[in-house]
Amino acid sequence: MALYEKYPVSISNSLSGKKELFTPVKAPFVGLYSCGPTVYNEVHLGNLRTFTSFDVVFRYLTHIGYKVRYVRNITDAGHLTNDAGVGVDRIEESAKLEQLEPMEIVQKYTTSFHDVCRMFNILPPSIEPTATGHIVEQIEMVKKILNNGYAYEINGSVYFDVRKYNEKHNYGELSGRNIDELLEGTRELDRQDEKRNAIDFAIWKAVSPNHIQRWTSPWGEGIPGWHLECSAMGTKYLGDQFDIHGGGMDLKFPHHECEIAQNVGALGKSPVRYWMHTNMLTVNGEKMSKSKGNSFLPRELFAGSHPLLAKAYSPMAVRFFMLQSHYSSTLDFSNEALSAAEKGFKKLSNALTTVKEMNHPFPILSKGRSTDSELEAELDRMVNECYTFMSNDFNTAKTLAVLFEMSAKINEFKSKNLAIFISEEAFNNFKHTYISFMEDVLGIKDEESHNQELMDGVINVLIELRKKARSDKNFALSDKIRDELKSLGVQLMDGKDGEMNYTIE
RNA sequence: GGUCUCAUGGCCGAGUGGCUAGGCAGAGCUCUGCAAAAGCUCCUACAGCGGUUCGAAUCCGCUUGAGACCUCCA
């Protein structure tokens with residue numbers, strides 16, 4: 001029996017507003033799509049929270065036996081800041097600002113995005129398609145929507161006719177909006193617009209002759225509408241209807257709403273069965289966003305070089321910090337919270353190192369001790385909880401709570417010199433669950449330290465000297481060695497048997 | 001203005017009607033030459049006011065406060 005059958009997954013579906021049992025269209029295959037970045041500048045920490053959340057979804061579904069195809073796009077083309085056509089193209093704007101070709105901007109920030117993902121241990125998706133690589137597919141989709149009568153062409157642009165669409169379908173089903181209210185609530189009606197209704201959105205947009213990024217289409221030269229790429233690429237790689245589509249809450253409307261309309265308009269089918277939306281990272285209770293000036297970049301975080309940051313934080317501490325809350329809740333950033341997370345992360349990380357070196361204590365068992373069935377049951381309970389909590393809408397917070405319990409057990413086993421009376425199977429199951437949930441599912445890895453071997457060697461020399469000093473009862477010297485290493489960030493720890501370990505901050 | 005969320009112990013945070021989540025900080029103890037690490041113990045909260053229920057942090061109503069979306073946004 002596959003793990004996903006033993007621990008069935010449930011997901012909070014934004015479409016229904018309820019938590020639902022997850023049943024893929026075609027198990028064991030799962031199609032997962034999440035909206036990636038627009039590569040016109042660097043991603044900030046808030047963006048990263050969403051990518052981390054879906055990274056864990058991808059990791060967990062894979063871990064329990066699903067064959068997941070994870071598609072996360074790169075938006076590298078025509079992305080106007082609004083649908084009316086009076087906005088600016090972000091990439092074009094950056095290109096002018098930095099005096100680079102649009103594709104240079106795209107390359108630069110795609111590379112930077114990948115670097116950041118690597119640092120945060122965010123796995124590459126199965127497919128990472130770009131908008132510019134799928135212009136043909138997007139044009140085809142526009143044609144279909146036009147043929148089905150849900151769009152109209154005017155001055156070389158094509159707009160989705162929301163009112164027409166809503167006659168037969170339900171525009172607003174995802175975000176809970178009412179089309180009449182949307183029509184009424186539209187602001188700035190005074191501006192002359194070529195759209196029939198203010199809520200219509202561009203699926204193809206004619207551009208002025210001085211616009212650098214442009215493609216030829218049946219309607220003239222232009223760029224695809226910004227909601228269109230996800231529809232086209234999701235359909236291409238995952239099919240007319242796939243399992244999970246995710247993104248930040250702020251994409252729910254209009255982006256995802258429009259995506260549904262486009263798919264239904266073109267193919268007559270709602271594209272996604274389970275919509276997942278991650279909540280925002282906040283700073284002092286307010287959404288982190290560039291326009292508010294309260295956002296910071298990953299590299300500023302690692303360097304501690306931002307007014308909001310009291311010090312530098314490591315990528316894994318930040319990843320752990322994010323996983324301590326549920327993806328659907330807002331998470332408030334603060335230095336206090338992050339410092340606390342740093343320590344918690346270290347605790348789990350230490351236990352991970354410890355358990356990797358631990359092996360089942362056969363000698364004790366072979367002396368005829370019977371197994372401790374109570375302890376075995378407790379370990380088994382923890383193993384089970386890791387799965388049930390993750391299967392319950394990817395509750396990383398509860399899973400971490402169990403991992404802390406497990407780490408306490410690991411330390412206990414160590415301090416008792418492995419004098420635990422459990423079967424080899426029970427121990428290995430426990431050990432492997434801890435390791436795999438830490439590393440494979442939550443993606444928490446040991447921090448890499450540079451020149452590890454050299455450090456090891458140098459510190460070991462000092463450890464030998466200190467051992468000698470201690471055996472000579474020269475505590476003044478032994479303390480001096482320890483204290484001075486400590487001031488450099490190296491903590492020595494004496495074991496019972498005279499052995500010494502160390503950790504580096 | 002419309003739509004919708006959220007309010008939990010010193011701090012961060014989980015919680016989907018009944019059984020003290022967890023982390024950080026703090027206090028005490030054990031181990032240790034002294035530390036560190038680790039273990040054990042203590043710290044039992046759910047914005048306010050009503051209601052439903054044998055029982056509510058959890059459901060309903062009102063009040064107060066915070067936020068999100070309605071423009072680009074993860």
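Residue numbers start from 1 in every chain, and the chains themselves are labelled A, B, ... in the order their sequence lines are given, proteins ahead of strands.
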Taking atom P in both B:C59 and B:A14, compute the distance separating them and give it to the nearest angstrom. 16 Å

Name the residue closer to the 5' end of RNA chain B, choosing between A:Gly344 and A:Pro37 according to the nucleotide with the nearest heavy atom. A:Gly344

B:A35 to B:U44 separation - P atoms, rounded to the nearest Å: 29 Å

Counting only Watson-Crick pairs (N1-N3 plus N6-O4 or O6-N4) and G-U wobbles (N1-O2, O6-N3), all under 3.5 Å, who is the partner of B:A27? B:U41

What I want to check is whether the side chains of A:Thr396 and A:Tyr327 have a donor and an acceptor closer together than 3.5 Å. no

Looking only at B:A74, B:C69, B:G33, the nucleotide nearest the A:Asp479 side chain is B:G33

Once you round it to whole Å, what is the distance between P of B:U20 and CD of A:Glu405? 13 Å

Do the side-chain N and O atoms of A:Asp332 and A:Thr282 include a donor-acceptor pair separated by under 3.5 angstrom? yes

Residues, nucleotides or ligands: over 12 heavy atoms within 6.0 Å of A:Lys18 NZ: no

So A:Leu403, base contact, sugar-phosphate only, or nothing? Heavy-atom distance under 4.0 Å. nothing

Are A:Glu405 and A:Lys409 close enough for a salt bridge, meaning some N to O gap below 4.0 Å? no

Quick one, which residues of residues 465-472 of chain A touch RNA chain B with a heavy atom under 4.0 Å? A:Arg466, A:Arg470

Whole-Å P distance, B:C62 and B:G2: 15 Å

Students often get this wrong, so: under 4.0 angstrom with heavy atoms, is A:Asn178 touching a base, only sugar-phosphate, or nothing? nothing

Heavy-atom donor-acceptor pair, A:Arg90 side-chain to B:C72 base, under 3.5 Å: yes

Nucleotide paired to B:A21 in any strand shown, Watson-Crick or G-U, under 3.5 Å: none

Pick from A:Glu376, A:Arg381, A:Glu374: which one makes a side chain to side chain contact (heavy atoms under 4.5 Å, CB included) with A:Glu378? A:Arg381

Contact pattern, 5' to 3', of nucleotides 36-48 of chain B - B, S or - by protein heavy atom under 4.0 Å: BSSS---------

Check each of A:Phe58, A:Phe51, A:Tyr33 against A:Tyr70 using the ring-ring contact (aromatic ring centres under 6.0 Å, His included) test, and report the only one that passes. A:Phe58

Using whole Å, what does the distance between atom P of nucleotide B:A74 and atom CH2 of A:Trp275 come to? 15 Å

Value in whole Å for how far the P atom of B:G33 lies from NZ of A:Lys473: 8 Å

P spacing across the pair B:C6 / B:A47, given as an integer number of angstrom: 12 Å

A:Phe345 and A:Phe321 aromatic centres sub-6.0 Å: no

Quick one: does A:Asp243's side chain have a donor or acceptor within less than 3.5 Å of a partner on A:Gly31's backbone? yes

Answer yes or no: are there more than 12 heavy-atom neighbours, outside A:Lys473 itself, under 6.0 Å from its atom NZ? no

A:Met249 atom CE is separated from B:U3 atom C1', nearest whole Å, by 12 Å

Position toward the 5' end of RNA chain B (nearest nucleotide), A:Lys287 or A:Gly176: A:Gly176

A:His44 NE2 to B:C72 C1', in whole Å, measures 11 Å

Salt bridge between A:Glu194 and A:Lys205, side-chain N to carboxylate O under 4.0 Å? yes

Please state the C1' separation for the pair B:G50 and B:G13 - nearest whole angstrom. 29 Å

Considering every strand and a 4.0 Å limit on heavy-atom distances, what is the contact class for A:Gly46: base, sugar-phosphate, or nothing? base

Can you tell me, in whole Å, how much space there is between the C1' of B:C12 and that of B:A45? 14 Å

Measuring from the side chain of A:Glu181 (C-beta onward, heavy atoms only), which nucleotide among B:C34, B:G33, B:G2 has the closest atom? B:G2

Provide, to the nearest angstrom, the distance between the NZ atom belonging to A:Lys252 and the P atom belonging to B:A68. 16 Å

Of the listed nucleotides B:C24, B:A74, B:C34, the one nearest the side chain of A:Lys343: B:C24

If you measure from the P atom in B:U64 to the same atom in B:G28, how many Å do you get, rounded? 46 Å

Nearest to the side chain of A:Ser478, which nucleotide is it out of B:C73, B:G2, B:G33? B:G33

Grab the CG-C1' distance between A:Leu477 and B:G33 for me, whole Å please. 14 Å

Does B:A66 have a Watson-Crick or wobble mate here (both distances under 3.5 Å), and if so which one? B:U5

For the backbone of A:Glu128 and the side chain of A:Arg72, can you confirm whether one donor and one acceptor N or O come within less than 3.5 Å of each other? no

For A:Asn73 and B:C73, give me the distance from atom CG to atom P, rounded to whole Å. 12 Å

Quick one: does A:Asn73's side chain have a donor or acceptor within less than 3.5 Å of a partner on A:Gly36's backbone? yes

Name the pairing partner of B:G50, where a pair is Watson-Crick or G-U wobble with both distances under 3.5 Å, or state none. B:C60

Are any side-chain N or O atoms of A:His211 and backbone N or O atoms of A:Glu92, one a donor and one an acceptor, separated by less than 3.5 Å? no

Is it true that atom NZ of A:Lys468 has more than 12 heavy atoms of other residues, nucleotides or ligands lying nearer than 6.0 Å? no

Mind checking if A:Lys292 touches a base, just sugar-phosphate, or nothing, with heavy atoms under 4.0 Å? sugar-phosphate

Do A:Asp115 and A:Arg299 sit within salt-bridge range, that is, some charged N less than 4.0 Å from a carboxylate O? no

With stacking defined as ring centroids separated by under 5.5 Å and planes differing by under 30°, is A:Phe475 stacked against B:G33? yes

Distances under 3.5 Å between protein N/O atoms and the N/O atoms of nucleotides 11-14 of chain B, please, pair by pair.
{"unit_1": "B:G13", "atom_1": "OP1", "unit_2": "A:Asp332", "atom_2": "N", "d": "2.9"}
{"unit_1": "B:G13", "atom_1": "O2'", "unit_2": "A:Gln324", "atom_2": "O", "d": "3.2"}
{"unit_1": "B:A14", "atom_1": "OP1", "unit_2": "A:His326", "atom_2": "N", "d": "3.0"}
{"unit_1": "B:A14", "atom_1": "OP1", "unit_2": "A:Ser329", "atom_2": "OG", "d": "3.1"}
{"unit_1": "B:A14", "atom_1": "O3'", "unit_2": "A:Asn395", "atom_2": "ND2", "d": "3.3"}

Considering only the C1' atoms, how many Å lie between B:A74 and B:U20, rounded to the nearest integer? 37 Å

